[in-house]
Structures are given as C-alpha cells and as structure tokens.
Amino acid sequence: MVSGTKRKYYMLGGKGGVGKTSCAASLAVKFANSGHPTLVVSTDPAHSLSDSFAQDLTGGALVPVEGPDSPLFALEINPEKAREEFRTAAQNNGGTGVKDLMDGMGLGMIAEQLGELKLGELLDTPPPGLDEAIAISKVIQFLDSPEYSMFTRIVFDTAPTGHTLRLLSLPDFLDRSIGKLLKLKQKISSATSAIKSVFGQEQPKQDSTDKLERLRERMIKVRELFRDTDSTEFVIVTIPTVMAVSESSRLHASLMKEDVPVKRLIVNQILPPSASDCKFCAIKRKDQMRALDMIRSDPELTNLTLIQAPLVDVEIRGVPALKFLGDIVWK
C-alpha cells in the first residue's frame, strides 16, 4: 500500500461504530511516516477526525496534522458551509437556477408560472447525500489545482454504510439525470430558436448548458475515480459480530455492483490471546470466533484479504496512538 509514487486513493467504510475513523487516521499516519504527503478527508457529516487526531480540524479547510514525518493534512467538510454553497449555486441574483435554465430555453414565462408552485424552494433545499457529494467534489477541485499536486495518498473516512452506498451511486444517477436535462433542453431550444429567428430575437444563452456539461464531466470523473482498480481501493471495516459481518457482506455485494474495487477486510476489536479467560471473556471470544468463521464461509467475503485488528487497552487518540495502531493493522 505504501509502494510507488503514483497517487492512490483509499476509502474506508462499514457499519457505524466499528472504528472506521481510527483505521483511516492510522492509515494516513502510516502513509505520512512512510514518506507520502497525505490527505485524509472525512465525508461523514458526524465528523470524528478531530477527536481521533486530538486536534481541531473543523472549518471545512485543509489543516496540517502535527506529528508525522511527512506532510499530513486533514479535511472535515463543514455541513452548514456545504448547504450554503448549494443554495448559492442554486440561486443567482435572487432567482433560482431552475428559472435561469428555463430562461435560457426561452421559457421564462412558464418559469414564472411554475414559481407560484414554490418549486424553486423545493429545488433550493439540499438533497440527501449532499455533504458526501460536495466532499468528493472538493477533492476533485484539489486534484485540478497545482497547489494540491503534492499529495500521493488520499484517504477517505466515509459515513456509515447506507450514506456511503448512496454516495457511490450518486455520480451515475446525476450523469443520467443531467443527460436527460440536456436532451430536453436541446429539443426545446431547437423548436424555440426557429420561432425566435423569425422574429429576429437573439439566440438563447449557452451558460446553463455549459454549467450542466461541466457538472456532468465532474460526475463522470468522480465515477471513474471510484472504479479505477489501479489507483482506488475500498477497505471494509467491521467487528466480529454476526450483525456487523452480515452488513459487511451486503456492503461488499453492493460495491461489486458499482464496480468499486475491494481487496481488504479489517475485523476490528479482536480479543487478544490470553492464558486464562474469565467467563465473560470466554463467551465473548467464542462469539468472535463464530463471526470469523462466518467471514471465511461467506461467498462475498471469503476472497478478501483478512486483517485482524486487536482490541487494545488504550484509547486510540493522537498521532502516537494512531502510529501504534497503524503498526499493528497496516503491516
């Protein structure tokens, strides 16, 4: 994982509460200490990177993490800031982006009538999954800027399973939706331009079309990033319980449908070996062994590289503790 200088992306995801953030942060520290300028991004609206690094990383901007050998930066997307950006993008001089689009088609009068139905307010409301989508969009911006070309490893600390699956399917959905909008606009424009040319009116502006095309290009770029087997890997994180393993199996099946490359499965919080177990520990260890057997016999998970991360007796918080965990997990 640390070999090579070509930029690589690692997305860590799974059920809530399994230790995704600790694993993502420890991997980022491992990369930085191995000589890779690294960026770790939280796409979970309920951020915990700041807690993991024991450092204030809030504000929605890149913040340098203190401690690692090579540069390590962290980014926690600010949900409120993301929503404000959505509203700004959807509004222009007091009018909605939808009205601007329809004005460009020569349908301003219809847009005004639709405005009475308050459709603009509906479309100005940020949709579910916006935080994750803007997080990825921001990273794409970073990739296009020479200022961020230094990073050779980018680690994503993703939201719990349901949010992440929605995030991974979002580029396809938007690509199809934008494609339909562009086809509709083209059909309407060809009809209205013929009428306008008779009366000598100017042709509709192409601004709205260009914006949609740029958004579509960005979504295609995100989709390709998710599916690039040479540069991207999704790492599933779970714990040794029947419920968590079952969800991990479903997650892997969904990732396969989206063509997202998966190679590794981390099983976190494994009880360490002990010469003598109390009754509670003995029962717990038996439950964990049953969960591990489930993984080995599950057709979705059996071919993944299994990484067992032990339950440790210290809280994993701060760069030294993350380095300690990383040396155990990311051998």
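Bear in mind that the values here come from a model prediction, so they are computed numbers and not experimental data.
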**Student:** With side-chain contact (heavy atoms from CB on, under 4.5 Å) as the test, pick out the partner of S249 among D298, L265, T302.
**Tutor:**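 The residue from D298, L265, T302 that satisfies side-chain contact (heavy atoms from CB on, under 4.5 Å) with S249 turns out to be D298.
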
**Student:** Regarding S48 and T21, is there a side-chain donor-to-acceptor distance under 3.5 Å anywhere?
**Tutor:**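 On atom types as modelled, these side chains qualify, holding a pair under 3.5 Å.
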
**Student:** Enter the distance from L301:CG to L292:CG here, rounded to the nearest 0.5 Å.
**Tutor:** 11.5 Å

**Student:** Can you name the nearest heavy-atom pair linking A291 to V245, along with the distance?
**Tutor:** O-CG2, 4.0 Å

**Student:** Which atoms form the tightest heavy-atom contact between S70 and G35, and what is the distance?
**Tutor:** OG-CA, 3.2 Å

**Student:** Flag yes if I239 and V314 sit in one hydrophobic cluster, no otherwise; membership is Ile, Leu, Val, Met, Phe, Trp, Tyr, and two members link when side-chain heavy atoms are under 4.5 Å apart.
**Tutor:** yes

**Student:** Determine the minimum heavy-atom distance between K20 and V237, stating which atoms define it.
**Tutor:**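 Taking every non-hydrogen atom into account, CG-CB, 4.1 Å.
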
**Student:** Hey, mind stepping through D287 and R290 against salt bridge (charged side-chain N to carboxylate O under 4.0 Å, His left out) and telling me if it holds?
**Tutor:** CA-CA 5 Å; D287 282 346; R290 184 164 65 245; 2.9 Å; yes

**Student:** With side chains defined as the heavy atoms from C-beta onward, is the minimum distance between R285 and S274 less than 4.5 Å?
**Tutor:**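 Answer yes - side chains close enough.
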
**Student:** Heavy atoms, side chains only, cut-off 4.5 Å: are F226 and T232 in contact?
**Tutor:**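 SC-SC contact between F226 and T232 ruled out.
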
**Student:** How are the rings of F151 and F73 set relative to one another: parallel (under 30°), tilted (30 to 60°) or perpendicular (over 60°)?
**Tutor:** perpendicular

**Student:** For L57, is there any backbone N or O sitting under 3.5 Å from a side-chain donor or acceptor partner on S50?
**Tutor:**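 Yes.
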
**Student:** Would you say V2 and W330 make side-chain contact, with heavy atoms under 4.5 Å?
**Tutor:**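 A side-chain contact under 4.5 Å is absent here.
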
**Student:** If you define the side chain from C-beta out and look only at heavy atoms, does anything of S34 sit under 4.5 Å from M1?
**Tutor:** no

**Student:** Run the side-chain contact (heavy atoms from CB on, under 4.5 Å) test on T152 and F31 for me, step by step, so that the C-alpha distance in whole Å, both residues' side-chain angles and the decisive distance to 0.1 Å come before the verdict.
**Tutor:** CA-CA 9 Å; T152 57; F31 283 146; over 6 Å; no

**Student:** Using every non-hydrogen atom in the two residues, find where K8 and D230 come nearest and quote the distance to one decimal.
**Tutor:**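 It is CE-O, 4.4 Å.
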
**Student:** Are more than 12 heavy atoms, taken from residues, nucleotides or ligands other than K6, located less than 6.0 Å from that residue's NZ atom?
**Tutor:**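 Buried by this count: over 12 neighbours within 6.0 Å.
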
**Student:** Do other residues, nucleotides or ligands put more than 12 heavy atoms under 6.0 Å from M150 CE?
**Tutor:** yes

**Student:** Out of the candidates V267, I266, L251, only one should pair with T238 under the side-chain contact (heavy atoms from CB on, under 4.5 Å) rule; please name it.
**Tutor:**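 Among the candidates, only V267 passes.
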
**Student:** Would you check if the side chain of R317 reaches a backbone N or O of D51 as a donor-acceptor pair within less than 3.5 Å?
**Tutor:** yes

**Student:** To the nearest 0.5 angstrom, please state how far the CD1 atom of I328 sits from the NZ atom of K323.
**Tutor:** 10.5 Å

**Student:** Of all the heavy-atom pairs spanning P71 and A32, show the shortest one and how long it is.
**Tutor:** O-CB, 4.3 Å

**Student:** Is there a continuous path of hydrophobic side-chain contacts, each under 4.5 Å between heavy atoms, that joins L271 to L325?
**Tutor:**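 No; L325 is not reachable from L271 via cluster members.
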
**Student:** Would you compute the distance between atom CD1 of I236 and atom CD of E300 and round it to the nearest 0.5 angstrom?
**Tutor:** 9.0 Å

**Student:** Can you tell me how far CG of N268 sits from NZ of K15, rounded to the nearest 0.5 angstrom?
**Tutor:**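 So the NZ of K15 and the CG of N268 are separated by 14.0 Å.
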
**Student:** So do the side chains of V235 and C23 get within less than 4.5 Å of each other, counting heavy atoms only?
**Tutor:**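 Not touching, per the 4.5 Å side-chain cut-off.
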
**Student:** Do E233 and R264 meet the salt-bridge criterion of a basic N to acidic O distance under 4.0 Å?
**Tutor:** yes

**Student:** Would you kindly confirm whether L306 and L311 end up in one hydrophobic cluster when ILVMFWY residues are joined by side chain heavy atoms under 4.5 Å apart?
**Tutor:**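 L306 and L311: separate clusters.
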
**Student:** Below 4.5 Å, heavy atoms only, C-beta onward: do E247 and M243 meet side chain to side chain?
**Tutor:**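 Of all side-chain heavy-atom pairs linking M243 with E247, none is under 4.5 Å.
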
**Student:** How far does OG of S26 sit from CG of N33, to the nearest 0.5 angstrom?
**Tutor:** 11.0 Å

**Student:** Working to the nearest 0.5 angstrom, can you tell me the gap between R7 CZ and H36 NE2?
**Tutor:**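 Nearest 0.5 Å value for the CZ-NE2 distance: 12.5 Å.
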
**Student:** Where is the tightest heavy-atom contact between V41 and L49, given as atom of each residue plus distance?
**Tutor:**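 Shortest heavy-atom separation between V41 and L49 comes out as C-CD1, 4.3 Å.
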
**Student:** Is there side-chain contact between V319 and E66, with heavy atoms separated by less than 4.5 Å?
**Tutor:** no

**Student:** Assess the residue pair K30 and D327 against the criterion (salt bridge (charged side-chain N to carboxylate O under 4.0 Å, His left out)); give the C-alpha distance rounded to whole Å, side-chain angles, the decisive distance to 0.1 Å, and a yes or no.
**Tutor:** CA-CA 8 Å; K30 186 77 170 181; D327 288 341; 3.1 Å; yes

